There are 2 protein chains.
Amino acid sequence: MALPQIPSGDDFGPDNLAFGVVAPRTGGGPRVVVRLGDHVIDLDALGADALDVDIAALRGAAMNALFALGPDRWRALRARLRGLVRIADPRVHRALIPLDDVDVLLPVEIGDYVDFYSSLHHATNLGRILRPDTDPLLPNWRHLPVGYTGRAGTVVVSGTPVTRPSGLRPGTDGPASDPTFGPSTLLDYELEVGFVVGTGGARIAPDDADRHVFGAVLVNDWSARDIQAYEYQPLGPHLGKSFATTISPWVVPLDALAPYLVAPPEQVPEPAPYLRAARPWGLDLELRVELNGHEVCATNFRNLYWTFAQQLAHLTVNGATSRPGDLFASGTVSGPEPSERGSLIELTWRGATPLPLPDGTTRAFLADGDTVTLRGWCGGSGRPRVGFGTCTGTIIPAPGG
Amino acid sequence: MALPQIPSGDDFGPDNLAFGVVAPRTGGGPRVVVRLGDHVIDLDALGADALDVDIAALRGAAMNALFALGPDRWRALRARLRGLVRIADPRVHRALIPLDDVDVLLPVEIGDYVDFYSSLHHATNLGRILRPDTDPLLPNWRHLPVGYTGRAGTVVVSGTPVTRPSGLRPGTDGPASDPTFGPSTLLDYELEVGFVVGTGGARIAPDDADRHVFGAVLVNDWSARDIQAYEYQPLGPHLGKSFATTISPWVVPLDALAPYLVAPPEQVPEPAPYLRAARPWGLDLELRVELNGHEVCATNFRNLYWTFAQQLAHLTVNGATSRPGDLFASGTVSGPEPSERGSLIELTWRGATPLPLPDGTTRAFLADGDTVTLRGWCGGSGRPRVGFGTCTGTIIPAPGG
């Protein structure tokens with residue numbers, strides 16, 4: 001009995017084995033599964049004997065109990081699964097459920113969500129757009145990964161509609177004029193990569209990142225530029241970001257990404273000792289953005305200035321604990337070329353050069369009904385492909401807006 | 001059989017009935033209890049018959065299952081408990097455990113933690129200290145309650161030691177100089193009041209606040225002023241705040257505070273419609289700060305410019321959902337007089353006028369070994385006292401610091 005054929009260009013071949021949570025439409029409740037091609041492997045059905053793992057950790061509506069097993073057990077579980085898939089073990093075949101027969105859920109009960117700002121090109125673009133008369137990079141940017149805490153309770157899974165947020169927007173008669181309330185007119189997406197903490201801790205060294213990070217997802221940090229512009233001084237973004245953050249449903253294990261780790265860009269000046277790593281923590285991950293099915297950005301995560309290992313070290317260096325289920329994201333990933341800009345505010349230079357779409361319309365920012373889809377994958381071109389699938393969302397109008 | 005006598009000045013008399021979570025030292029696991037004088041009422045021992053409530057909601061390590069019952073059931077439970085206490089029902093007597101025989105735990109599994117900046121006097125003081133050459137209030141301050149998302153995973157219960165955080169601090173050779181890494185030398189407290197969400201929702205009107213807020217706690221938003229100063233542009237505070245936030249363990253029900261709701265200060269200009277309330281949501285709550293047992297601040301929460309009802313309306317107006325267990329805090333509460341300043345940075349004007357203590361030492365900021373204790377109560381002077389107990393923490397040195 002052979003397992004279903006998986007095309008070599010599929011995101012979810014046997015070298016990936018990404019984890020997620022689904023609810024079978026036939027009932028039985030949510031459970032942790034592993035994606036394989038256009039099927040999922042029901043680990044509960046596969047059974048404790050086959051997996052040599054506490055099966056209770058695989059039941060329930062989130063991966064958090066799996067995280068609690070610790071990195072040695074994740075690795076053993078993944079190794080065991082790879083072995084079973086490689087030999088097309090009949091127990092795997094019996095545990096397969098077609099993706100069409102399940103509802104795909106948010107995979108993790110997210111503790112704290114921290115969003116960074118770690119792309120040199122993005123931060124430079126934003127600085128030029130928003131503060132054209134000054135150095136685009138603030139003095140702290142090259143010394144630490146700037147970031148802020150986002151709203152964990154509004155992280156949603158790919159496919160969830162995103163309602164246009166309302167709030168106070170800058171007045172139209174200059175900076176001192178009164179704000180106006182209404183739906184955001186400068187709604188944007190942000191192409192990001194997020195990392196899910198499996199094992200918590202404090203004061204985590206960068207080179208210990210793979211003892212703590214379980215895996216990665218794509219993140220769309222939807223942003224209302226007008227609401228954010230009005231509110232953000234002096235405490236940072238709040239309602240301009242808190243309405244929704246979309247993540248892809250399949251948590252790609254860091255072990256599956258390990259072959260694609262590369263040296264990150266050179267950092268000048270050399271960062272403080274707590275941010276220094278001996279191992280390469282850049283990631284050669286191709287990233288794409290589609291707006292209504294039309295590709296509007298193609299870039300690579302390896303451009304990111306601060307690595308995820310440095311981000312985790314930074315957010316715990318003050319003694320703050322990280323917990324299993326925490327999510328931290330890269331910030332918008334942009335590359336050096338105009339075609340590599342990971343948000344509309346950069347692509348259209350805050351609306352100055354609207355983006356033409358194949359249907360003859362243009363966009364300065366997102367319109368109601370627009371669908372944004374992120375894609376990402378490592379490998380291809382002769383190397384095994386390890387992909388993330390899609391992270392997608394469609395804008396629906398503000399109530400009464 | 002009479003219940004233990006409770007002095008009239010006790011924070012936890014029969015008009016309060018604050019909820020918390022304890023673990024009896026005799027075993028049996030964590031459970032939801034109600035504080036009464038120097039005892040707790042074990043609701044599980046009191047029993048479902050006496051309480052007419054799903055007893056499963058009272059078992060477990062957090063109040064969140066109780067929240068899920070909804071406001072009508074909380075109110076019924078509270079009314080039933082008040083009746084039983086009033087008649088000194090023998091079942092209450094049998095369910096009492098001395099406070100000395102329990103470990104008092106964090107009462108709530110906190111979802112998202114949002115911290116506001118809603119005291120006019122605090123924001124004005126900070127503006128004068130940090131931006132002396134400009135208008136101390138930024139243009140948005142009177143139009144919306146400025147706030148940011150804080151780290152939920154490092155909210156700790158009163159009594160938990162607080163380790164001095166380390167991080168990058170501004171260089172000493174002017175604003176362009178390189179930062180230095182080490183323990184914060186400008187460690188501060190912030191006197192705040194926090195509100196616990198019982199029933200979630202989005203786009204909550206201010207006048208519906210009592211359908212959503214379960215109750216209130218005292219909050220100490222420990223702050224490392226040097227780390228925050230270096231990191232906070234442009235995305236707001238992060239490591240300067242994320243290392244620890246202390247809350248008092250007893251959640252005082254909003255129904256117990258309702259007799260002390262008062263009209264808030266006049267708001268000019270009139271806020272946007274989504275922030276307008278017909279009911280009075282100011283709170284006449286006396287607040288105190290002690291540093292090593294010496295009172296250093298006495299103020300009242302009724303001074304707060306933005307009410308908690310407006311804060312909840314604001315943080316959900318963009319469509320963001322609030323969940324049961326969310327915590328949002330007022331921001332530092334300061335009054336108009338120097339003796340009413342709710343943080344050391346204000347009391348010492350960022351160290352310019354150090355604070356003398358009775359032991360002959362002075363403080364610009366907190367020293368290792370210092371203990372900060374917050375207190376708060378409504379009533380007294382002939383009205384029933386409804387208090388919060390204490391919110392306390394002692395600074396321990398940074399590792400290797």
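Naming convention: chains lettered A, B, ... in sequence-line order (proteins, then strands); numbering from 1 in each chain. Everything numeric here is computed off the predicted structure, so don't read it as measured data.
- If you measure heavy-atom distances from R142(A) to chain B, you find no contacts under 4.5 Å at all.
- R225(A) and E190(A) are joined by a salt bridge, as a carboxylate oxygen and a charged side-chain nitrogen come within less than 4.0 angstrom of each other.
- Aromatic ring centroids of W141(A) and Y305(A) lie under 6.0 Å apart.
- Ring geometry, F214(B) versus F67(B): the interplanar angle falls from 30° to 60°, so the pair is classed tilted.
- For S242(B), the parts sitting under 4.5 Å from any heavy atom of chain A are the backbone and the side chain alike.
- Between the side chains of N64(B) and E109(B), not a single donor N or O lies within less than 3.5 Å of an accepting N or O.
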- Task: Under the side chain to side chain donor-acceptor pair (under 3.5 Å) rule, what do N318(B) and S166(A) come out as? Steps first, then yes or no, please.
- Result: CA-CA 5 Å; N318(B) 63 345; S166(A) 294; over 6 Å; no
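- T246(B) contributes no side-chain N or O that, together with a main-chain N or O of N220(B), makes up a donor-acceptor pair within less than 3.5 Å.
- Of the possible donor and acceptor atoms, one in the side chain of T316(A) sits under 3.5 Å from a partner among the backbone N and O of L312(A).
- Annotation: residues 143-150 of chain A contacts chain B through H143(A), L144(A), V146(A), G147(A), Y148(A), T149(A), G150(A) [non-hydrogen atoms, separation under 4.5 Å].
- For the pair D112(B) (side chain) and G153(A) (backbone), a donor-acceptor distance under 3.5 Å is present.
- The contact between Y274(A) and chain B is made entirely by side chain atoms (from C-beta outward), counting heavy-atom distances below 4.5 Å.
- Most heavy-atom pairs under 4.5 Å with chain B: of the set L130(A), I227(A), D178(A), this distinction falls to D178(A).
- In this structure, CG in L106(A) is found 11.0 Å from CE in M63(A), a value given to the nearest 0.5 Å.
- The parts of N140(A) that come within reach of chain B are both its backbone and its side chain, each placing non-hydrogen atoms under 4.5 angstrom from that chain.
- Among G111(A), S322(A), A152(A), G319(A), the residue making the largest number of heavy-atom pairs under 4.5 Å with chain B is A152(A).
- In terms of heavy-atom pairs under 4.5 angstrom with chain B, the leader among A202(A), A272(A), P234(A), G167(A) is P234(A).
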- Audit row: R169(B), T180(B), side chain to side chain donor-acceptor pair (under 3.5 Å) steps and yes/no: CA-CA 5 Å; R169(B) 306 155 305 181; T180(B) 62; 3.0 Å; yes
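- Between S223(B) and Q228(B), the side chains place no donor N or O within less than 3.5 Å of an acceptor N or O (distance only, hydrogens not considered).
- The parts of L239(A) that come within reach of chain B are both its backbone and its side chain, each placing non-hydrogen atoms under 4.5 angstrom from that chain.
- Among the candidates H238(B), R151(B), R323(B), the residue making the largest number of heavy-atom pairs closer than 4.5 Å to chain A is R151(B).
- If you measure heavy-atom distances from L315(B) to chain A, the contacts under 4.5 Å come from both the backbone and the side chain.
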